[in-house]
Amino acid sequence: MEFFTEVAIKPSENKINYNMPLLFLGSCFAQNISTFFVNAKFNCNINPSGIVYNPLVISNLVKKIVENKVYCNNDFFFDGVNYCCYDFHGSFSHQNLEIAVKNANQSIKNAADFIKNASFCFVTLGTAYVYFLKQNSQPVSNCHKQNTDIFFRRRLEIEEVYNSISSMIETFIKVNPKIRFVLTVSPIRHWKDGAHGNRVSKAILLSSVEKIIENYTCAEYFPSYEIVEDQLRDYRFYAEDMIHLSPTAEKIIWEKLSQTYFSQKTQLEIKKVEKFMLSVKHRIIDYKSLKTKEFAKKNIEIANNLEKEIIGLDLSEEKKYFLQLLEN
């Protein structure tokens, strides 16, 4: 007897390997899943403006990246502690205005350079609700805990979500015609909208993405939302807040994604890299011992062999770490 319904996913014809730069945009779910790629040492650029939840802001962000927008002091406001920008997540806020502006511009520039050669863009949509500034109707990425009276909030319609994603894709392919898109809807519930409001929001996103898939051959859908809702239908797969996912649930989604987008060869390569990365995390007790020196020398050799074997793999940071152990 089967005690759960497995979501069957047809392997994608478009495979990912280590020689492919990967861009991730979207909600905190995109942030969490991209961590698996980072830990496996793929070349990734993740949320250049920080976590973004809705498709309208994501589309606007991509336009600013492609245009290589330069932010200035006037784009930031002081909240009493930090200088913040409505286009950026709070992680970009800083007590020093010059640093806040510099960090924002550097991140946009890095992303602009990155997308020209990116092979895949993963876009995770979290909600169809958007906050707008009342004074100019500007959609904001983050409200930065400002007084709610200065915003108005509304839910996008299916056509608006479709147009936002379509505009994002069209903007991308002007500078990188070969890029492919993997669209997902975040399985993390926006509970402040209520049970019904969250379902309606997710339904709008799902319906919009379906239209995109029908009209753009460069885009495909990965069912992370369905994996959680239809396969992992148990609170043991959630974190303590009963909203976010547990590490086990995220790992299951990663395994499903791996089976969908990695060849068997790449999956074996990932296992080799992950095994090597365990050595990087190994706790060193005596930095000056002969045993530590031998450990470092061995892992530099392993890293060099892995880089020769796996095209596109870059372990320069790890080799630098082991070299420092040798020189201590």
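- If you run side chain to side chain contact (heavy atoms under 4.5 Å, CB included) between Val185 and each of Leu205, Thr127, Val123, only Leu205 comes through.
- Between Glu274 and Lys41, none of the side-chain N atoms (NZ, or NE/NH1/NH2) sits under 4.0 Å from a carboxylate O, so this pair counts as no salt bridge.
- Residue Tyr86 forms a side chain to side chain contact (heavy atoms under 4.5 Å, CB included) with just one option from Asp75, Val57, Val140, and that option is Val140.
- Between Gln95 atom CD and Asn82 atom CG the span is 5.5 Å, to the nearest 0.5 Å.
- Side chain of Asn304 to main chain of Ile300: a donor-acceptor pair is present (N/O by atom type, distance under 3.5 Å, no hydrogens or angles).
- No donor-acceptor pair closer than 3.5 Å links the side chain of Ser107 to the backbone N or O of Asn103.
- Through direct or indirect side-chain contacts shorter than 4.5 Å among Ile, Leu, Val, Met, Phe, Trp and Tyr, Ile311 is connected to no other residue.
- The aromatic rings of His282 and Phe295 sit tilted relative to each other, their planes meeting at an angle between 30° and 60°.
- Atom CD1 of Ile65 is separated from atom OG of Ser49 by 6.5 Å, given to the nearest 0.5 angstrom.
- A salt bridge links Glu269 to Lys265: at least one charged side-chain nitrogen sits closer than 4.0 Å to a carboxylate oxygen.
- Nearest approach of Phe181 to Ile169, heavy atoms of both residues: CE1-CG2, 3.7 Å.
- In summary, the aromatic rings of Tyr83 and Phe77 are positioned with their centroids too far apart to meet the 6.0 Å limit.
- Residues forming a side-chain contact (heavy atoms from CB on, under 4.5 Å) with Arg199 (at least two apart in sequence, or on another chain): Tyr225, Glu229.
- A chain of hydrophobic side-chain contacts below 4.5 Å, direct or via other Ile, Leu, Val, Met, Phe, Trp or Tyr residues, connects Leu313 to Phe322.
- Using a cutoff of 4.0 Å between basic side-chain nitrogens and carboxylate oxygens, Lys293 and Glu327 are not scored as salt-bridged.
- Remark: Arg153 engages Asp193 in a salt bridge, criterion side-chain N to carboxylate O under 4.0 Å.
- Ion pairing between Lys145 and Asp79 fails under the 4.0 Å rule for side-chain N and carboxylate O.
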